[in-house]
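See structure below.
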Amino acid sequence: MVNSQKDYISVTVLFIVNLLNYVDRYTVAGVLTQVQTYYNISDSLGGLIQTVFLISFMVFSPVCGYLGDRFNRKWIMIIGVGIWLGAVLGSSFVPANHFWLFLVLRSFVGIGEASYSNVAPSLISDMFNGQKRSTVFMIFYFAIPVGSGLGFIVGSNVATLTGHWQWGIRVSAIAGFIVTIALVLFTYEPERGAADRANGDSKDTVITTNTTYLEDLVILLKTPTLIACTWGYTALVFVSGTLSWWEPTVIQHLTAWHQGLNDTKELAPTDKDRVALYFGALTTAGGLIGVIFGSMLSKWIVTGWGPFKRIQTERAPPLVSGGGALIAAPLLLIGMIFGEKSLVLLYIMIFFGLTFLCFNWGLNIDMLTTVIHPNRRSTAFSYFVLVSHLFGDASGPYLIGLISDLIRHGSTLPKDQYHSLVTATYCCVVLLLISAGLYFVSSLTLLNDRRKFRMEMGLDDMQSKPIRTSTDSLERIGSNEDIASSRL
């Protein structure tokens with residue numbers, strides 16, 4: 001499939017919107033201690049800020065998925081992004097005695113973001129196929145670590161420069177209005193399934209379906225790779241969302257404790273900015289390395305490149321995702337146990353833990369596009385988002401904050417605040433192990449689900465032709481491994 005210039009322009013704009021999406025999510029985390037002081041709220045209420053945003057994000061994800069499979073996806077995104085930016089800007093003007101209104105507006109942010117996050121991957125899968133699709137998804141999901149890291153840095157530093165934390169979250173809305181114009185002018189609506197039809201070497205491929213929404217859901221529930229991958233990702237998102245939200249605050253408490261302060265509120269603004277800068281830089285660097293290396297490692301194993309020839313397998317995407325989670329678990333545990341003795345060690349463990357944890361970011365959606373019909377992708381992605389956020393980073397920050405409040409019994413000493421938050425996050429290690437196990441389960445079902453997908457798409461004889469999946473263009477259904485997987 002030869003891609004046109006407008007494909008690359010469109011995906012560039014989509015990447016920028018996705019980047020801004022994650023910048024906005026974590027600007028509040030970069031100024032969280034200031035927000036808590038301004039509204040005079042506890043850790044549990046501080047975690048609730050992220051929770052209400054994600055609840056609305058989850059609730060509206062299936063709605064946007066349903067609309068995305070049936071109506072113009074470009075305009076669904078534009079309307080949603082407009083709601084998102086208006087809510088962000090409005091939340092920055094809420095007075096100190098109306099914290100409830102701040103929560104309401106942050107929940108509206110989730111409505112807007114749901115429209116974009118669920119529809120954009122479907123657009124990309126209809127623009128690109130084969131190895132190009134894998135590469136584009138890898139770049140597209142760079143926005144997660146880069147945007148998250150920039151969110152901490154931008155939020156904290158803009159707040160310091162202006163003297164008001166509100167400008168720390170307001171800046172993303174201002175940039176967003178410019179990006180919205182680009183979304184209107186430079187993106188387009190591709191034909192559904194066009195990339196997969198070009199990929200199937202069949203001129204007569206029929207990609208439309210006559211199934212109802214309920215029938216689509218039943219079919220998705222009978223796709224074990226989707227189910228296992230969704231729950232594996234959910235456990236991992238609980239960890240990444242919780243750490244991204246609370247870790248800068250944890251480090252601020254540790255810094256205040258080491259300085260002998262009686263309250264973290266006494267920490268100098270320069271020290272808070274340094275924490276945001278270091279954590280943001282580590283998140284960005286670790287995430288970039290993790291996404292790139294995870295995607296490349298998967299490709300090398302699939303193709304049997306160089307030293308990976310002996311372990312060549314088409315099951316590489318879920319195996320690499322699970323392996324990353326498995327390695328991240330002990331690294332984070334070391335940071336939790338020994339971090340109080342050395343801030344440098346804590347930073348090192350965070351960096352390597354995030355690197356391995358991010359192996360899956362460029363692989364999840366790319367892998368699922370090879371087992372889900374184009375007319376069901378927005379719906380599938382919406383429930384993927386719903387489940388992963390409902391039981392992941394929507395509940396995680398609030399639950400960890402609540403447990404932290406219960407452990408420290410009202411103490412405001414930095415030492416007690418540090419220990420209570422760290423103790424509350426020990427569950428993240430167990431969840432990473434669960435995530436790894438579920439990804440390994442999905443590796444057992446992946447090839448059989450791909451075969452079902454190609455049969456439904458009406459593509460050419462799979463037993464005799466090489467197929468071009470989005471993981472690699474050299475896979476063959478007729479391989480011994482494929483035949484074995486069909487017996488599972």
Side-chain angles (χ1 to χ4, degrees), residues 11 14-23 25-26 54 113 116-118 120-122 124-125 128 133-151 226 228-245 280 282-301 316-329 331-332 350-370 381 384-385 387-389 392-393 396 428 431-432 435-436 438-439 442-443 470-471:
V11 82
L14 293 177
F15 168 78
I16 294 172
V17 177
N18 202 34
L19 181 69
L20 191 62
N21 175 0
Y22 282 93
V23 169
R25 286 193 194 187
Y26 291 100
L54 288 168
E113 290 195 17
Y116 173 81
S117 298
N118 293 290
S122 174
I124 293 172
S125 66
F128 300 90
R133 182 191 285 171
S134 296
T135 302
V136 168
F137 271 126
M138 179 182 72
I139 296 172
F140 181 74
Y141 286 107
F142 280 169
I144 297 178
V146 175
S148 301
L150 286 176
L226 173 63
C229 184
T230 297
W231 286 105
Y233 181 68
T234 299
L236 192 145
V237 165
F238 185 102
V239 177
S240 61
T242 297
L243 294 180
S244 296
W245 187 255
L282 289 176
T283 300
T284 301
L288 276 174
I289 294 171
V291 171
I292 293 173
F293 188 72
S295 297
M296 295 303 294
L297 181 61
S298 175
K299 176 186 175 182
W300 292 336
I301 294 175
L319 291 175
V320 170
S321 298
L326 189 63
I327 297 172
L331 295 175
L332 291 179
I350 289 173
F351 170 74
F352 284 107
L354 286 174
T355 298
F356 288 104
L357 188 147
C358 288
F359 271 17
N360 74 96
W361 294 127
L363 300 175
N364 282 311
I365 298 299
D366 183 32
M367 175 173 57
L368 294 179
T369 59
T370 67
F381 296 158
F384 181 80
V385 168
V387 172
S388 62
H389 287 304
D393 52 359
C428 292
L431 287 172
L432 283 176
S435 175
L438 288 168
Y439 274 117
S442 68
S443 71
S470 54
T471 300

Quick check against the 3.5 Å criterion: does [X] have a side-chain atom that pairs as donor or acceptor with the backbone of [Y]?
X    : Y    : result
S298 : G294 : no
N18  : F140 : yes
S435 : G232 : yes

_Please report whether the ring centroid of W361 lies less than 6.0 Å from that of F137._
no
Spacing of [atom1] belonging to [X] relative to [atom2] belonging to [Y], to within rounding of 0.5 Å:
X    : Y    : atom1 : atom2 : value
L319 : S442 : CG    : OG    : 8.0 Å
F15  : I139 : CZ    : CD1   : 8.0 Å
I327 : L432 : CD1   : CG    : 11.5 Å
F381 : I365 : CZ    : CD1   : 4.5 Å
I124 : D366 : CD1   : CG    : 10.5 Å
L331 : L357 : CG    : CG    : 10.5 Å

[X] versus [Y], closest heavy-atom pair with distance:
X    : Y    : answer
F238 : G396 : CE1-CA, 3.4 Å
V237 : S388 : CG1-O, 3.8 Å
S125 : T369 : CB-CG2, 4.0 Å
S321 : L363 : OG-CD1, 3.7 Å
G147 : L19  : N-CD1, 3.5 Å

*Heavy-atom check, side chain of L438 versus side chain of T234, under 4.5 Å*: no
*Does any non-hydrogen side-chain atom of T355 lie less than 4.5 Å from one of F293?*
no
*Count the heavy atoms of every other residue, nucleotide or ligand shown that sit under 6.0 Å from CZ of F352, and state whether that count exceeds 12.*
no
*Kindly write out the residues that satisfy ring-ring contact (aromatic ring centres under 6.0 Å, His included) with F356, not counting sequence neighbours, or none if the list is empty.*
F359
